[in-house]
Amino acid sequence: MAEQTAPARAGTPSPAKSDAAVVRDALGVGVAVGLSGFAFGVTAAGSGLTLLQTCALSLLVFTGASQFALVGALAAGGNPYTAAAGAFFLGVRNTFYGLRLSQLLALPRAVRPFAAHWVIDETTAVSLAQPTRRAARIGFTVTGATLYVLWNLTTLLGALGAEAIGDTDAWGLDAAGPAVFLALLAPMLTSTTERAVAALAVVLGLGLLPVLPAGVPVLLAALAAPAVLYVAGRRSPAREDTTDDAPHGTEGRDAHDPDTVADPDNRTESATGTGTGTAADTGDDTHDQRGDDQRGHDGTGQAER
């Protein structure tokens, strides 16, 4: 059976991509983001979680943004239930990722419950970037496996060596995950509408971050998509009305201007009539000239006689 092609974005080609290239890209993402588990281990230990609790979060939750939101709220002295609620709502986005990936990957039913645990930002971005279903499956599997192993390993090492590592801001490990995700997302923003959605989401997320609990600004930033689409939808009818009201072209003027319109048959008949009339006039002129010549000849003969 021919290999099925992953749904391609409108107007973009789907070039062939080798399995080795897909594995290379997936490993790059998995390793880069997986190392940021150090930051989570250190942050979790600093917020008062035990080693067992820290490792259990990475093993069972396995969604970095929600984990950081939880331990960040706890470290700031927040209520555990509020912190858990914020982390939960932040993880809701993975549900929408799953809806998209279920169609793209089309995995067997027996595998789906296990694959669902790996539905996160990075695996979704790598899968959607592939041109074929086979490449998407390889990208999802390699990214998920690499990231899961490294994330849990570095979480353990970070929790054990929290005192030795010190401040994670000095190492910049907490920025590794978002940086990689933005690098994957940026090339996919090909249209003006997509760029507008991304820009508005950034403004909403950063603007609401100081005033709302952790996780809520990210959820509200999702409102950027319907807002931009609504504005774009309002502009489209306006453009169509402007196009309809614009002056017609030359064909439109010819179709309604009595000075420039003539029936093709009439034009032909007129041209034929004109030509015939001209030819007739020419014939008459020639006949008159011959008559004058004949009269002149007769006059000359009489004079000679």
Side-chain angles (χ1 to χ4, degrees), residues 1-41 58-59 61-68 93-94 96-108 110-158 168 171-191 194-195 198:
M1 184 176 64
E3 181 181 358
Q4 290 183 317
T5 302
R9 299 168 62 85
T12 60
S14 298
K17 192 172 185 180
S18 64
D19 294 348
V22 177
V23 172
R24 182 187 63 242
D25 295 342
L27 285 175
V29 174
V31 171
V33 180
L35 294 177
S36 62
F38 279 114
F40 173 72
S58 289
L59 286 169
V61 178
F62 187 55
T63 172
S66 296
Q67 293 179 228
F68 274 111
R93 72 191 188 284
N94 294 335
F96 300 100
Y97 294 161
L99 294 175
R100 181 67 181 89
L101 291 180
S102 64
Q103 300 177 355
L104 176 63
L105 302 177
L107 297 173
V111 180
R112 292 180 185 179
F114 302 98
H117 194 52
W118 288 356
V119 175
I120 53 176
D121 299 331
E122 292 76 17
T123 56
T124 302
V126 172
S127 299
L128 293 178
Q130 308 309 319
T132 63
R133 175 165 292 166
R134 173 184 171 83
R137 287 179 174 179
I138 294 174
F140 177 84
T141 303
V142 175
T143 304
T146 304
L147 186 53
Y148 188 76
V149 171
L150 282 180
W151 179 265
N152 283 280
L153 179 60
T154 54
T155 295
L156 175 62
L157 296 177
T168 57
W171 291 75
L173 297 176
D174 54 338
V180 172
F181 183 72
L182 288 177
L184 292 169
L185 177 64
M188 302 178 69
L189 303 177
T190 57
S191 68
E194 292 171 347
R195 296 190 187 101

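Atom CG in L101 sits 4.5 Å away from atom OG1 in T124 (nearest 0.5 Å). Residue T155 holds its OG1 atom at 10.0 Å from CG of L150, rounded to the nearest 0.5 Å. Between the CG atom in L147 and the CH2 atom in W118 there is a gap of 9.5 Å [rounded to 0.5 Å]. Interatomic distance, L128 CG to F140 CZ, rounded to the nearest 0.5 Å: 11.0 Å.
Side-chain N or O atoms of T154 include one that pairs as donor or acceptor with a backbone N or O of W151 at under 3.5 Å.
Residue L189 comes nearest to A198 through the heavy atom pair CD1-CB, 3.7 Å, listed as atom of the first residue, atom of the second, then distance. Taking each heavy atom of A26 and G139 in turn, the nearest pair found is CB-O, 3.9 Å. Here the closest non-hydrogen pair linking A106 and R137 is O-NH2, 2.8 Å. Taking all atoms of both residues into account, the shortest heavy-atom contact from R133 to L104 is NE-O, 2.8 Å. When all heavy atoms of L59 and H117 are compared, the closest pair comes out as O-NE2, 2.9 Å.
Residues Y148 and S58 are not in side-chain contact: their nearest non-hydrogen atoms beyond the backbone lie 4.5 Å or more apart. Between R112 and L105, every side-chain heavy-atom pair lies at or beyond the 4.5 Å cut-off. Side-chain contact between I120 and Y97 is absent, with no heavy atoms from C-beta onward closer than 4.5 Å. Side-chain contact check for R134 versus D19: some heavy-atom pair is nearer than 4.5 Å.
Here the options are T146, V142, T143, the test is side-chain contact (heavy atoms from CB on, under 4.5 Å), and the partner is V23; only V142 passes.
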Before giving the answer on side chain to side chain contact (heavy atoms under 4.5 Å, CB included), spell out for V29 and D25 the whole-Å C-alpha distance, their side-chain angles and the decisive distance to 0.1 Å.
CA-CA 6 Å; V29 174; D25 295 342; 5.8 Å; no

